[in-house]
Each structure stands twice: as structure tokens, then as C-alpha cells.
Amino acid sequence: MDDLLRDFLTETNENMAQLDLQLVELEQNPNNPGLLSSIFRLVHTIKGTCGFLGLPRLEKVAHASENVLGKFRDGVLPVTPAAVTLIFRSLDQIKSLLAVLEATEKEPDGNDADLIQALNDMSEGKGLDVAVAAAASAAPEPQETPAPEPVAEAAPEPERVAAPAAQPAPAKAAPAPVAAAPAADHAEAKDSAVAASSVRLSVDLLENLMTQVSELVLARNQLMQLNRTQKDSVFTTSLQRLNHIVSELQDGVMKTRMQPIGNAWTKLPRIIRDLSRELNKKIDLVMLGAETELDRQVLELIKDPLTHMVRNSADHGIELPADRVAAGKPETGTVTLNAYHEGGHIIIEIKDDGKGLAIEKIKAKAIQNGLATEADISGMSDQQIMQFIFKPGFSTAAAVTSVSGRGVGMDVVRTNVEKIGGTIEMFSTVGKGSRFQIKIPLTLAIVSALIVEVAEDRYAIPQLNVVELVRASENSEYKIEYISNTPVLRLRNRLLPLVSLAQLMQLPITKSDVHKGFVVVAQVGNSLFGIMVDRVFDTEEIVVKPVSRALRHITLFSGNTILGDGSVVMILDPNGIAAHAGDIQSSNNAQTDTAAKSSVVRQGSKQSLLLFRAGSAVPKAVPLSLVARLEDFDVHDIEHANGRALIQYRGHLMPIVAIAPEYQLKQEGRQAVLVFSDRDHSMGLAVDEILDIVDEAMNIELTGDRTGQMGTAIIAGKATEIIDVGYFLDKAFGDWFDPAHEGAFNDPQSRNRILLVDDSAFFRNLLTPVLTLAGYQVTTAENPKDAMKYYEEGMEFDAIVSDIEMPQMSGFDFVSQLRREGRWSKLPVIAMSSHTNPRDLERGAEVGFNDYVAKFDREGLLQVLHQHIRGGGAAS
Amino acid sequence: MTMSQLPAVASTGRPPILASEGSDYVTMFIAGQLFGIPVLQVHDVLSPQKITRVPLAPPQIAGSLNLRGRIVTTVDVRTCLGLPPRDDGKKSMSIVVDCGNESFNLIVDQVGEVMIMPHHQYEPNPPTLDQRWRDVAGGVFRMDGRLMVVLDVNRLLSFVNDAA
């Protein structure tokens, strides 16, 4: 049987029983308004539910009865025994219909025209006599009520219809002044089987039971622990039995708290329907896994966040039909809800095929709302930027619609989810849609936790947040390293930021060797970090108990519990730890903090990197696009002049630069050299060995402190220094950069403003200091769209330097758009690209670039800029 | 226990002015001073227990302990009174009291007997009493040869609400 129908039957049968009682009471106290409205409400509920479930016959009878009751209530109609009898008759008819419904899952055929007629007459006040007559002469009724009852069980129905006062409340029925009240016992015997097989209990009772069972589990754990220390204990067998029984009991009680998640979704179809009307969108709601069960308490807490997120998807995610068609998508958007179990957790996904998160809007909003500065944002990956939607005080809706943007944002959603030990992750593709994944524990009452020791005290970490455990020691593959007091761990191919629990909790660090210990790798949302602990014990099932009011302000703890040995331990809240750790790091060293954060979210497009070794054993890397050639010179061909190593290369003299002052060129054999080149100049960087070329995302996790080095990133699983080619170019052609020439630029008033558009953070980072040093005021944009935003904001520049190959919009398209109209149409725009072939140059000139410079050619760029800005070369 | 038949004591710790002659107090010693808590506010008297310390907690909180399956926050009364930690090497005892639907365990040096305090011996706090003591004291009983300070549990634990 359908769950909905079963619920309906249970509820309606209960209501009917109550109605019988109350009607009898009403006859005795006809002027009790409280009773009347209670009866009216019950019948009204039945009518409403029938209408909802599509049970027209029941609905009609209930409706007609409700009309009469309404008149009673309003005092229009006197409560006479005859009238009450009529109501009883209709209730009996409802019961008989319910009986058939229960047996066959559908209403019997036929209609109740005469009964309804009698009720209607009664409500109109004219049919009192008729009604009495109808009630009194109930005998003909059976023939008139639908004879063709399809089901055997329904056969006695006519009898019951004929017995108007067959209340299943015999005790009270006796004094009922209804004349024809032969309390039909068999009617009671036929009480709904559905109603009998389920019981309604107060949630409090269940909660209480659950608490008791939780305590029992704890007591069991303690006993088991005690027994473990005894050899050949006589209790062992009994304890094992107890163990099994308690486990089963726990399972059983847990089940009583389980409800299908569909219960939290019932309102959603309506919300989506209303939304699509309101917003003129076409939206389908697909709900999968509605039968997935989870703890009632969790369900309650997750209900509102889910509703909010579905709303968001429909409101912000799904586009208008016209936009969807234009984007080549079906007119109707789909919001999919999917719930399923996965290893002790429930995963709930909210997915839409809309436009995805608008990164640019989020950026702008974040800046506008003061959540971040432009500088912060320019260094962030898309994934990091998306995280802003979870920040308090952020709402993406451009206009506050009546639908979303009510001040409850995603931050509330996240808080609620995290409150129940859940995590929320987000994936979004522009134009394709977004997906939110909520991972929540099945139940809150008992969780599995890892017990760890810090400064001689034990703590529990919820297993849900634990990804893995790493044992760190000086000699093993994993060792804890420090960068200006910030501990990090090399874990496979990433640098994992570490949090010292002892430090966080302001406990004395008892361990003499800070390089040793265990690292609990924990995940909170999309971020991964390591928690340094001294020891790791077991995992244990723990019952989460709320902490005392006196300790509730400590966000590091989410609760406390009693372990098997009877001792109290605090339960660590990884969310709180992550929040605290962020504070600590930013106050200690802002630089490291951003580095640590960026390592958490590994993002960014892949690029080819050339790996080599020079000077030290640490591998070094340089973007392959910067390297013109790899050469291998005989050392005897290398000449020395004016204290510099030079080689004749392609008809020019090429300087060969060492990676560090102390670096010695080889004396024998062949010298490997990386050649960096622009149109006129080439420079060779002497290296020991070319290692490899790899395609990887280059995330500089630690900024460099040495000259010639941009920072350190993990490449091919190893910490690798990224070299700053610009520095070496400077070194090679240093003579030609005479700072005196640029002296005039250093007056801030007369500084020329440059807009640098490049999708690669690497180049933005590379060129900004060069240009600033040369006296320009530099603003960077990650793509042409960002650049246009500056235009819209009314910013003015003296020149634009733009990359050619950028996702979304190429430099060619960008400049042709600029040239078409507007303030910036006459601005000098310099193209910058790693490949300079004649066709590109030609095309660049065609679309309106004023000049073309190889990407790493700083000197060339400066010359060109000088020429175009200073020389008044803006005309083009 | 016969104590339950005794008149109720106002939660302020001040003895109510009742017709009956006195109220019962559980007495205790802290740094040599005799203190008393109305007996009806006292749940339990515990021998030394294993206490789990709670990092970052307010200084008055010594930690948490397991009282028959319940987790009870433990407060060091010495710290509340601004007294130095105990250094006589003896084991402390504690008293479990109720405050706002929650139980707290108060660590004291030693727990004495239950005494009936005649109302006529009650005096309000001397105005010259140290501020910290005045904050938690609910008056003084004059006894033969010594004084008993009434410990006002609600005021003693008021920091709990401040912290929350």
C-alpha cells in the first residue's frame, strides 16, 4: 500500500473514532462551542485529505457533513438529535468507504447522492423532517447505496450504514439519546486493520527511549572494556550476549526514529510550481531516493536548508526559457534532488542544469559587501571564489526577489548542515549548472569517533571528518616541516597545512620532538587540513552529549561524551578547528596563510612545465611556454667576456646565466641550457639536467623568498621551485634597463596607468612588479570581462596590455570589441603572447592591437609601452 | 532523609524568614574558612574524582567528570574566591549542586557535616568584605567560636551565563 494512503487511513480512522466520541458528547452539550469547532475541524481535515488524495466520493460526503457542522458551529442550525443522527450516518458511510479503500486501495464505485442530498437539505434548514425520515427509514438505504460492491469485505457495509449510531465507543454510546442505537459490536470488530497495526507515539517518548538506549550502549561499552582486562572472566559469555542484544536494541530504537527523506520534500513540488509561475520559468523537479531513511532529528534540521537550496536552484540557477533555448538547452530546466546512503552517511544532492554560479557576480558582490578586497580576489581560484556564497552577509540575488534573498543565505544552510556534523560541497560549471552535495550522518545520537591524545588528554574526533591518518616521523616519508613556525606536511602531491591541537588549545606542548606524532587528515567542506596529535587510539562509538552552558562558547568542541572506561572526553569540532586555525595563521603570518589556503583547494588550469635541476637537488620548474629551446652546448664553445659567460648562438652573442651566483658552469663535457628568447635577444640559463616535461596545474603554495624564485609548488609529487624567468632576463640584459631612464615615471602623480589582462596568475604576478618598478600603476584583470567591468566602473587607463589566448574571450575579440566604440577605443593596446608567428602579428594589427610583444620580453614591453604612451602613439 | 521535610530555602541562598527556627546547611571548608550551602541545593557529595580538563574553558572551570553517566562541569571554588591552588597535598572533595537545570560540581577542600542554622544568628555580608567574596557570599551565620559564610550557588556560577 502506498505510504500516503496508509498514513491517511491511520489518521482518518483515529479521527473517526474521536468524532464518534465527540458527536455523542455534542448531543449532550449542544451548546459547547469548543466541541463544535473540534468536530468541524476533524471533518474538515478528512475532507481536505480526501481531496488531496483524489478520493472524490469520500470528499463529497465529508464536504456535505462539514456544511451541516458549519451551520451548527455558526449557530444557524440547532443541534438536534435528528441532525446529529444524520451526521452519524454520514460518518458511518465514510467509515464503510474507508473499509473498502483499505481493502482495495480504491474507493468503491457508486455515489451517495441521497445522503448528500439529505445533508444539503439539512444545512439549508429545510430538510429537517426529510433527514429524520431518512434516518428513521434507514432500511431502504442499503438498496440505494451502491449495490455493486466489488469486494467481499465490503459486503457488510449496508448493514453498518443502516445502523446510524454504531459508534465504536460503547461506554459513551449507552447514554446517547439516539433512539436507534443498537451498538453494533461487529462494527467495532472491524476496526481498521491498518490502524491496529501501527501506533502513534509522542516523539518525546521515542527521544527518551533513544537516550536510555544510548546510556545502555555506554554502560555496555564500559563493561566490555572492563572485561577485556580480565582473563578468562566468567562474565565473557554473558557479556557477549548482552552486547548483541544491546546492539540489536540500539538498531531497533534507531529505526523508530527513521523517516523517509521524502517527508522533508513534500512541500517542494508546490514550491517549484509556484516559483516557475512567478519567475516565468519552466522547471521540472525530479526527486530520487525519497524513500531513503534518516533520523527524524536530522530530517528536521535538514528540511529548511533543503527547501532553501531548491529555491535557490530554481531562482538563481535555472534560466528563463528563452535564455535556455539560446544556450542550446531544452526549454524546461530540471532541478534534481537525489538522496542515497553511502557508508553510514546520507548524501543529498541538489543539482540543476541552469547557468551555474556566476563567478564574476560573486567576486563583485564579495568586494561590494566587504568580504574581500580586490587584491584578495585576484589571487583566488574559482573554487575559492565560489565559497563566498557560504559567507555570512552574502546574497547573490541581484535583486531581492520574493523567492530567495530573504536574508537567509547559504551561510545559514551551511551552518545548519555543519551543526549536525554534515558537510556541504559545491560544484559548478558555467553554463552547465551547479550541484550541491550534502553529506550528513545517519543519526546524531551515536557517532563513530577517533580517540586521540594531545598533551596527555584524550579527545574524540568525529570519524565523519577524518579522511586518513598519517604517522609522521623524522625518517619516514612523511615528516612535519616548518615554514616560519607554520607546520606543513608533504602528503603525496600536496602540501597539507597542519594545525597543532596543543597550540590551538593553549596547552603546554609536552612532546620534546615536534617533528613526530600523528596527523589526522580532516576534511571540512572543500578544505583539507591536518590535525597534529600525540597519539591515536581506537575508534569508538560515542554518544554525543551537549556541553555545559559554561563551555558552549568554545567553538573547538561540539560536545562531550563518556568513553568505555568511564572517563569524560571532549568531542572536537573540525569546523571549529578549521575556523580557529585560519585565525591563528592569519595573525601569525598572512603570507603563509594564503599559501596554506590555496593549497587546500587545488585548482587552476594545467600547463606544461619543464622540470630541471640546477644548483641543488630540489627540482625546479619553469612554464614550457616561456622556453624557446633546450640546448646542449659543448663547454668549450662557451666564452667568457667581461665576467660573463657568452656563447655564439644563431649569429648573436647569447649570455649564459647561472641559477645562483655560486653556481659553477661545467668545466668538461656538455652544458645543458634553457634558451629564453624574444625577437632580438636570447638568454641561456645553465642547468644541470633536464628532468621532464609535465602537464600540471601550477599552484604556488609558498611564495619564494629567494631572488630568482617565484615560489614553491608541488609538481609531479615533489616540492619544486618555480623560477622567476623575469629575474634572469633582467640579469642577462640588466645593462639595457637603466633605471635612470625611467626616473621620470616615479612621480606618482604622473604615473601612467596600465591595465594588464591575462588569465594566468603566473604572468600577472610576473609582470606587475616589472611594470610597477618601471613607474607604471598597474591594475590586473583575469579576463576581458573583468577588464570591461573596470570600463563600466569608469576607470581610466593609459594603455592596456593583453594576453591573446584566454578562455571565454580571446585577446583578439577583446581588442576588436574595444575598438568598436567607447572611451577606450583609442587606447593603446599591446598584445602579449608566448607564440609570435607572423600570422598572429598580422591578425593582431588587423583587429586593432597597437603592438605585439613576446610574453616574457619585459624589456620589449617596457619599450613598447614607453613608445605608445610617452610618444603619444595612442593614435592608431 | 529527613532533610526533605525541612522548609525550602530560597534559591538566592539567603535563608527565608520563616516561622521555623532554622535551615539546614551542608558545611565545607575552603582555605580554613567554613562555608555552607542550603542542603536542598546539594545533590551529592563526592570523594575525589577523575576530572577531565577542558582547554580554553573559563579559569574557574576545572573540567568535567562522569557522575553516574551524566557529565557534570566542575568548578574550583578556590579560583572563584581568588585563592591560590591548594598546597597541603590533601585530596579535595566536591559537592554537586543544581543551577539553572544543570548540575555543577564544586571543588572544596573538605566537606563537613550538615548543620542547622538558627535564623537569628544570620547577618548580611559585612560591607567591608573583599569584593570577590561579597559577590558569592549570601550572608554570614554567627556561631560559637566561628563564622559560617553562606555560599550563594547562583551567584557563584553566574559566570556560566556570562560565558554562554
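Below, chains carry the letters A, B, ... as their sequence lines are ordered, and counting in each starts from 1.
For B:Ile61, the part sitting under 4.5 Å from any heavy atom of chain A is the side chain, from C-beta outward, and nothing else. Proximity to chain A involves both the backbone and the side chain of B:Ser64, based on heavy atoms less than 4.5 angstrom apart.
In terms of heavy-atom proximity, B:Pro58 sits nearest to A:Leu551 at CD-CD2, 4.2 Å. A:Phe557 approaches B:Pro55 most closely through the heavy-atom pair CE1-O, 3.5 Å.
Atom CG of A:Leu504 is separated from atom CG of B:Leu56 by 7.0 Å, given to the nearest 0.5 angstrom. Separating the CZ atom in B:Arg53 from the CD atom in A:Glu456 is a distance of 7.5 Å, to the nearest 0.5 Å.
A 4.5 Å side-chain heavy-atom check between A:Ser548 and B:Val72 finds every atom pair outside the cut-off. When side chains are defined from C-beta on, B:Lys50 does not count as touching A:Val568, because their heavy atoms never get closer than 4.5 Å.
Here B:Arg68 pairs with B:Asp44 under the salt bridge (Lys or Arg N to Asp or Glu O under 4.0 Å) rule; sequence neighbours left out. B:Arg134 is linked by a salt bridge (Lys or Arg N to Asp or Glu O under 4.0 Å) to nothing, counting only residues two or more places apart in sequence or in another chain.
Interface remark: of the candidates B:Val75, B:Leu157, B:Ile51, B:Thr73, B:Thr73 forms the most heavy-atom pairs closer than 4.5 Å to chain A.
Residue A:Phe537 places its CZ atom among more than 12 non-hydrogen atoms of other residues, nucleotides or ligands, all under 6.0 Å distant.
In this structure, the side chain of B:Glu102 engages the main chain of A:Arg549 through a donor-acceptor pair within 3.5 Å.
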